[in-house]
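Just so you know, these numbers use all the heavy atoms, side chains as well, and skip hydrogens, waters and symmetry mates. It should be emphasised that the depicted structure is a prediction, and the values quoted were computed from it without experimental measurement.
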Amino acid sequence: MDNLNISLSKISYLVVKIASRCNLNCSYCYMYNKGDNSYLKQPKIMSAKTVDALLNRIYSHCEKYDIKKFIVCFHGGEPMLVGKDFFIKFDEKAKSIFGGSGIELTLSMQTNAVLIDREWAHFFKKLNIYVSVSLDGDKQTHDQYRLDHKGRGSYDRTIAGIKYLMAAHESKRSVNTLAVININSDPIAQYWHFVNVGIKYFDFLLPDSNYDQLEVDFHKESTQYADWLIKVFDVWFNHKGPERPRIRIFLDLINGVLGQESSTDALGNLDNGLLVIETDGGIEAVDVLKICGEGFTKNSKNVATHNFDEVIDEGLIDLYYFSHTKLCGQCQACEVKDICGGGYLPHRYSSKNGFNNPSIYCKSLIKLIAHIQNAVLGTIPQEIVSENNLAYLQVDNVYTSAFSGDDSEYAAFLESYRKSSFLITN
């Protein structure tokens with residue numbers, strides 16, 4: 001336990017669910033449309049009492065581990081539903097606790113942006129809240145899944161919100177976006193759409209699915225998501241000029257290929273120093289794990305009663321924290337595991353084996369990594385490639401090495417998350 005507590009010093013990022021309802025009804029939403037209805041038992045908005053407890057826990061944690069920078073990301077649901085007064089009081093309370101402490105508390109937010117107008121945009125600038133927006137692509141692509149509760153598309157309102165944010169900050173670099181991949185869309189058209197809107201930094205996300213919840217017409221043996229991303233990568237990699245955006249998934253994989261440390265909870269080989277705080281103050285593992293079943297992320301830990309140190313003995317948080325090293329046998333045998341890190345933990349789940357599986361996107365990840373590694377090596381002088389023992393990858397060879405892996409040393413732990421209902425009926 002002492003070694004695990006030492007690792008907790010790396011926890012410096014919280015996703016804080018200040019609202020547990022949303023003004024959109026996105027069909028792929030892991031919060032509301034993947035089978036976990038536990039949000040109905042939670043407060044719609046985080047209370048002032050919970051905010052006070054949360055900020056005090058953050059301060060104590062930073063003091064104990066000498067953490068100088070800590071990030072809070074307001075999330076939901078849709079965080080803007082709490083209204084401006086919530087953010088003002090949060091900011092005032094944070095300043096009263098952290099002021100003069102030497103600890104930098106950074107505030108950010110993930111939003112669908114449909115409520116952002118000129119006043120909101122300047123409000124976020126005044127409070128120094130960094131805003132990231134969910135934008136899936138052009139109007140047709142975005143509006144296929146990101147609808148409101150009346151079935152109306154949200155693209156026009158989202159773009160309007162982005163433009164207000166850009167104008168308030170007087171810089172197109174002030175808005176980051178996240179896009180869930182739609183493989184039925186034209187990948188090249190989506191890339192140029194982001195460039196033309198003026199987005200300078202964005203990321204492509206794989207849809208949140210696992211072995212129990214597969215996308216329509218998707219098969220885990222396919223590489224259709226790699227094929228889509230490779231088309232974008234090739235255009236982006238060869239795109240010269242100041243308007244070329246930064247795309248996180250590509251930058252992270254390039255860093256991994258070059259042996260540099262670069263890790264998110266979906267890729268890489270570092271620990272995940274992130275926790276989720278629910279509107280009732282519950283301390284949980286990453287919220288996307290809700291796709292694994294009703295109440296899957298729930299436990300007895302809460303900011304009202306527990307320090308962050310006390311959550312590491314909660315099994316799911318432990319697994320998520322070390323998810324890039326506690327891997328199934330196939331992943332442990334794979335030659336690109338340090339780049340991939342087994343992929344995103346929620347994408348590995350099945351009722352049958354718990355988390356003792358590779359990602360359902362395994363073959364796509366391998367194909368994408370191989371393509372990027374070969375593209376990067378193609379730009380490096382051959383003598384440097386040879387001196388550093390860098391190698392071009394053959395996709396089929398990587399597949400063979402990975403899927404010949406033996407049982408994992410973590411098999412029993414990973415399989416402990418099998419659904420009891422499956423074990424009884426099968």
Side-chain angles (χ1 to χ4, degrees), residues 15 26-31 33-35 110 132 134-137 141-142 144-146 176-187 190-191 194 201-233 236 247-254 256 262-269 272 274 285-292 320 323-324 327-328 330-331 334 336-337 339-350 355 357-372 395 398-399 402:
V15 171
C26 305
S27 58
Y28 56 58
C29 180
Y30 61 83
M31 283 293 297
N33 289 320
K34 289 287 188 175
Q110 185 66 39
S132 178
S134 298
L135 176 68
D136 283 353
T141 302
H142 182 91
Q144 183 173 350
Y145 300 115
R146 299 189 63 80
N176 300 334
T177 62
L178 298 178
V180 176
I181 298 169
N182 182 340
I183 56 172
N184 295 315
S185 67
D186 181 341
Q190 303 318 309
Y191 173 76
F194 285 102
Y201 183 92
F202 62 94
D203 197 13
F204 287 117
L205 307 178
L206 295 166
D208 290 316
S209 301
N210 55 37
Y211 290 85
D212 291 355
Q213 293 209 42
L214 294 176
E215 296 295 308
V216 176
D217 298 327
F218 175 77
H219 192 277
K220 63 184 179 67
E221 299 298 326
S222 77
T223 60
Q224 53 194 329
Y225 284 92
D227 298 336
W228 195 96
L229 284 166
I230 284 170
K231 290 177 181 177
V232 179
F233 174 83
W236 172 80
I247 302 179
R248 185 174 70 172
I249 186 172
F250 297 153
L251 294 172
D252 286 345
L253 290 176
I254 288 173
S262 180
S263 182
T264 66
D265 57 353
L267 295 167
N269 60 2
N272 293 320
L274 176 152
V286 68
D287 49 350
V288 180
L289 285 164
K290 293 178 184 293
I291 69 174
C292 301
Y320 169 69
S323 64
H324 291 318
L327 303 171
C328 70
Q330 294 98 311
C331 291
C334 182
V336 299
K337 68 176 181 180
I339 303 172
C340 169
Y344 201 21
L345 181 64
H347 300 166
R348 306 179 205 169
Y349 181 76
S350 74
F355 293 101
N357 309 289
S359 167
I360 61 164
Y361 298 111
C362 175
K363 288 204 167 183
S364 273
L365 290 170
I366 289 174
K367 185 173 183 178
L368 177 63
I369 290 169
H371 182 85
I372 291 177
V395 173
V398 181
Y399 289 158

What are the two closest non-hydrogen atoms of [X] and [Y], and how far apart are they?
{"X": "S364", "Y": "Q224", "value": "OG-N, 3.8 Å"}
{"X": "S323", "Y": "N272", "value": "OG-ND2, 2.9 Å"}
{"X": "H347", "Y": "P207", "value": "NE2-O, 3.5 Å"}
{"X": "G342", "Y": "L327", "value": "CA-CD2, 3.9 Å"}
{"X": "L365", "Y": "G343", "value": "CD1-CA, 4.0 Å"}
{"X": "Y211", "Y": "P358", "value": "OH-O, 2.7 Å"}

Would you mind reporting whether [Y] and [X] have side-chain heavy atoms less than 4.5 Å apart?
{"X": "C292", "Y": "F355", "answer": "yes"}
{"X": "I360", "Y": "L206", "answer": "no"}
{"X": "T177", "Y": "S134", "answer": "no"}
{"X": "Y28", "Y": "D136", "answer": "yes"}
{"X": "L368", "Y": "Y225", "answer": "no"}
{"X": "S350", "Y": "N210", "answer": "no"}
{"X": "K367", "Y": "Y399", "answer": "yes"}
{"X": "K34", "Y": "S209", "answer": "yes"}

For the pair N33 (side chain) and C26 (backbone), establish whether a donor and an acceptor sit closer than 3.5 Å, ignoring hydrogens and angles.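 Looks like yes, one N/O pair under 3.5 Å.
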In Å, rounded to the nearest 0.5 Å, how long is the span from [atom1] of [X] to [atom2] of [Y]?
{"X": "C334", "Y": "I366", "atom1": "SG", "atom2": "CD1", "answer": "4.5 Å"}
{"X": "I369", "Y": "I372", "atom1": "CD1", "atom2": "CD1", "answer": "7.5 Å"}
{"X": "L253", "Y": "L229", "atom1": "CG", "atom2": "CG", "answer": "9.0 Å"}
{"X": "Y344", "Y": "H324", "atom1": "OH", "atom2": "NE2", "answer": "9.5 Å"}
{"X": "I339", "Y": "N269", "atom1": "CD1", "atom2": "CG", "answer": "9.5 Å"}
{"X": "Q190", "Y": "I181", "atom1": "CD", "atom2": "CD1", "answer": "11.0 Å"}

By salt bridge (charged side-chain N to carboxylate O under 4.0 Å, His left out) - contacts of D265 (at least two apart):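 Partners of D265 by the salt bridge (charged side-chain N to carboxylate O under 4.0 Å, His left out) criterion come out as none, since no residue qualifies.
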Using the ring pair (Phe, Tyr, Trp, His ring centres under 6.0 Å) rule, pick out the option among F204, F250, W228 that qualifies with F233.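 One option only clears the test, and that one is F250.
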Could you go through the side chain to side chain contact (heavy atoms under 4.5 Å, CB included) check for I247 and Y191 one step at a time? CA-CA 10 Å; I247 302 179; Y191 173 76; 3.9 Å; yes
Give the intermediate values and the outcome of side chain to side chain contact (heavy atoms under 4.5 Å, CB included) for residues R348 and C331. CA-CA 11 Å; R348 306 179 205 169; C331 291; 5.9 Å; no
Show, in sequence, the C-alpha distance, side-chain angles and deciding distance for N182 and T141, and conclude whether the side chain to side chain donor-acceptor pair (under 3.5 Å) test is met. CA-CA 7 Å; N182 182 340; T141 302; 5.2 Å; no
Test side chain to side chain contact (heavy atoms under 4.5 Å, CB included) on L274 and Y320 and set out the steps. CA-CA 9 Å; L274 176 152; Y320 169 69; 3.7 Å; yes
